[in-house]
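Letters A, B, ... are given to chains in the order of the sequence lines, protein chains preceding strands, and every chain is numbered from 1.
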Number of protein chains: 2
Amino acid sequence: MAREPNEDTDAFITEVCWHYFVNEMTQAEIARMLDVTRLRINQAIQRAKVEGLVKIQIESPFLPRIDLQESLKEALGIERAVVCPVNPDGYDYHRPVGAALAAFITERLSVSPWRSFGVSWGLTLDSAIRKLPRGSFPDLEVISILGGTAQGSSFNSFGIASGFAGVLGAHYSVLTAPIYLSEGIDRDLFLSQYALKEHFEKFEKLDAVLLTCSNVSQKSFLVEHGLPKEITPEGLVEAGAIGDVLGHFLDKDGNSVSVDVDQRTIGMPLEQVFAVPEKIMAAAGAHKVGIIKAACRKGLVDTLVTDDMTGRLLLEQAESDIAFID
Amino acid sequence: MAREPNEDTDAFITEVCWHYFVNEMTQAEIARMLDVTRLRINQAIQRAKVEGLVKIQIESPFLPRIDLQESLKEALGIERAVVCPVNPDGYDYHRPVGAALAAFITERLSVSPWRSFGVSWGLTLDSAIRKLPRGSFPDLEVISILGGTAQGSSFNSFGIASGFAGVLGAHYSVLTAPIYLSEGIDRDLFLSQYALKEHFEKFEKLDAVLLTCSNVSQKSFLVEHGLPKEITPEGLVEAGAIGDVLGHFLDKDGNSVSVDVDQRTIGMPLEQVFAVPEKIMAAAGAHKVGIIKAACRKGLVDTLVTDDMTGRLLLEQAESDIAFID
DNA sequence: TAGGTTAACTTACATATGTATTTTGATTTT
DNA sequence: AAAATCAAAATACATATGTAAGTTAACCTA
């Protein structure tokens, strides 16, 4: 081995970003001034963007799509829809929907003082954390409401709950458990552990939940990596499943297709979700149209945060409730 | 006359910015998608930046300059110094110092709940408003502490106080009076007007003030456009003035050089400023070094927000208290 | 309807940005 | 000490951005 990679410090990146975004200097100018190569300036700015060190806020970001939002409220029977514009080519919905969710949360928190809210996990929530402006809510607690997988911090509730709490200056409480119990372990016995019991009691007093969902296909991280091997996507589809919410697989009417799976799921039960005052679902993508509609129909959603493409699909195929396997 | 200029709507600009900053599309892509020319996209983005519709926040913006901040605290005998990096060429301190002030205010508001704070006026405060992220502080009141001039909204307390209140979601109270009384009008009689009396009483309970300052030269808006014609810059310099704070001209020790001028100034008296718990001065530029030091020496400043260039000058010329006329 | 006026479009181009490739040189290994 | 290794610098270049022309066409006026 030779030299160590030159890890740029936070202070360096901060200074570069200040010159670039506030003083509006060019990258070349900054490089000359700080006596480094332009490449390092360029990379510093890119890293700052990715890691959320610079946050770009747009005032009233969902002003434009009012028509679509109104139609969606009507069609899905929900209280509120937030629709953000998305790039139809190179379609990546995580970032824009995450940004819209972040803006929505900021707005809600400034108006109604949540004491606690629940979070599941997934890339959309991960993206929301990066876009959320730093705040100070010392009386707020972020509660993870779903067990995690072994892989990557976006896919377990620890990374998400602690991430939200970090930027919001709040406390957090995580669910240190897998999303699905291994076969043979008794659910009630498992949940009777002191730490878990205390955590589950917090579900009863949540002011809001941030929900996500997915369909039954390779596009679903849960289906691809999170299911115990005894549970197969084919079996779930046969049973009528079109997607999942909080690890529970639902049919097109939002009813669970497998008591067996439900019994093994470590997380907030759907019955309890109904009782939460604000049920916010962030979800987008053509493959999620079916499960989004099912969740809305069942009453699991007050506010839907999505993009215009998905919004339009939700309206168009008002009658197609097909499970997508692609 | 021919066609009307096509004033882009807020919704249009918002959508363009969303595509550009969140979805990271190129301006050409956005133009193609929305079927307008690239020029209009380009202009929309520029307008959004200037008008503060997009706000770029940098996490912990004054992390880098800790050494300089510590030295300044020591040298000036103040509680806190906030130093932001600045572009030495094409030197414009209003924007970066305004941005730093905005970040500082955001931070302070999230920690200590001010009930009210006072504002003077000037380009630096105007710039701070543009950089300040929208907030909701319904119990906060922004109080203008200085009369205004007839010209431009940045130079009267109405634009500044209402601007701060607007972005912070706060109330405001303005001082509807000129900065200097005309000769012959009795100050006490003038201030006894009901509306003014009520306003002046609020000065006693301020949690913080945002102060600015300037020197005695053409660079000072106050000197160039705000002085009654009986008061000349030459006369003020002869009397020992090196600059002004809240319309009061001070010598190098921070003492007023003209009881006459003070008698005509409509604004918060300096004696009252001393009593405010947080005295924040935002000021930068080589020409302000003298007056900044004088104000600090006199005890008018707890927190100084400035840039690295001015910071370094403040340290270097620890002994030069010259009034700059250039 | 002809002519003047001007916003918006078109074109052009200089500069800035993002990225890939090659070169350099410090450090470690043999 | 020579060779190997690899991060950082240098170089090169395709694309994006900002701005300044000239051109077109909508609209008003007379």
Side-chain angles (χ1 to χ4, degrees), chain A residues 1-56 58 64 85-92 94-96 99 130, chain B residues 1-56 58 64 85-92 95-96 130:
Chain A
M1 232 180 291
R3 279 193 282 174
E4 293 278 286
N6 183 345
E7 189 65 12
D8 282 334
T9 68
D10 242 36
F12 176 76
I13 297 181
T14 302
E15 174 155 9
V16 168
C17 286
W18 188 273
H19 284 306
Y20 189 70
F21 290 107
V22 179
N23 296 334
E24 290 182 16
M25 295 169 71
T26 69
Q27 300 184 359
E29 280 180 306
I30 301 169
R32 213 174 309 129
M33 181 163 64
L34 302 182
D35 199 33
V36 294
T37 46
R38 192 165 65 79
L39 184 64
R40 277 188 60 197
I41 303 296
N42 190 283
Q43 289 171 336
I45 292 166
Q46 288 183 48
R47 261 198 35 202
K49 279 186 192 167
V50 172
E51 293 181 12
L53 202 103
V54 293
K55 288 175 182 170
I56 293 162
I58 301 172
V86 80
N87 180 3
D89 319 321
Y91 181 50
D92 165 29
H94 292 302
R95 222 164 0 143
R130 281 183 227 288
Chain B
M1 235 180 288
R3 281 193 280 176
E4 293 279 285
N6 183 346
E7 190 66 11
D8 283 333
T9 68
D10 241 35
F12 175 76
I13 297 181
T14 302
E15 175 155 9
V16 168
C17 287
W18 189 273
H19 284 305
Y20 189 71
F21 290 107
V22 179
N23 296 334
E24 291 184 13
M25 293 169 70
T26 68
Q27 300 184 359
E29 281 179 302
I30 301 170
R32 215 174 308 129
M33 181 164 65
L34 302 182
D35 199 33
V36 295
T37 47
R38 191 165 66 79
L39 185 64
R40 275 188 61 198
I41 303 295
N42 190 284
Q43 288 172 336
I45 291 166
Q46 286 182 49
R47 259 198 36 202
K49 280 186 192 167
V50 172
E51 293 181 12
L53 202 106
V54 293
K55 288 175 182 171
I56 292 160
I58 302 171
V86 79
N87 180 3
D89 319 323
Y91 182 49
D92 166 30
R95 222 164 358 144
R130 279 183 229 289

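Under the side chain to side chain contact (heavy atoms under 4.5 Å, CB included) criterion, A:Asn23 pairs with A:Trp18, A:His19, A:Met25, B:Asn87, B:Pro96, not counting sequence neighbours.
The two residues A:Ala44 and A:Val16 come nearest to each other via the heavy atoms CB-CG1, 4.3 Å. Across every non-hydrogen atom of B:Phe12 and B:Ile41, the tightest pair is CZ-CD1, 4.2 Å.
Evaluation of the salt bridge (charged side-chain N to carboxylate O under 4.0 Å, His left out) test over residues 24-35 of chain B, restricted to residues two or more places apart or in two chains, returns A:Arg95-B:Glu24.
In this model, the phosphate group of C:dA8 is not approached by any side-chain N or O of B:Thr37 to a distance below 4.0 Å at OP1 or OP2.
In this structure, A:Val22 and B:Ile56 have side chains that are not in contact, with every pair of non-hydrogen atoms separated by 4.5 Å or more.
Protein atom CD of A:Gln43 is 14 Å distant from nucleotide atom C1' of D:dA10, rounded to whole Å. A straight line from CG of A:Leu34 to P of D:dA8 spans 17 Å, rounded to a whole angstrom.
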Can you give me the N/O atom pairs linking the protein to nucleotides 16-19 of chain C at distances under 3.5 Å, or say none if there are none?
| unit_1 | atom_1 | unit_2 | atom_2 | d |
| --- | --- | --- | --- | --- |
| C:dT17 | OP1 | A:Tyr20 | OH | 3.1 |
| C:dT17 | OP2 | A:Gln27 | N | 2.8 |
| C:dG18 | OP2 | A:Gln27 | NE2 | 2.6 |
| C:dG18 | OP2 | A:Asn42 | ND2 | 2.7 |
| C:dG18 | N7 | A:Arg38 | NH1 | 3.4 |
| C:dG18 | O6 | A:Arg38 | NH2 | 2.8 |
| C:dT19 | OP2 | A:Gln46 | OE1 | 3.2 |
| C:dT19 | OP2 | A:Gln46 | NE2 | 3.4 |

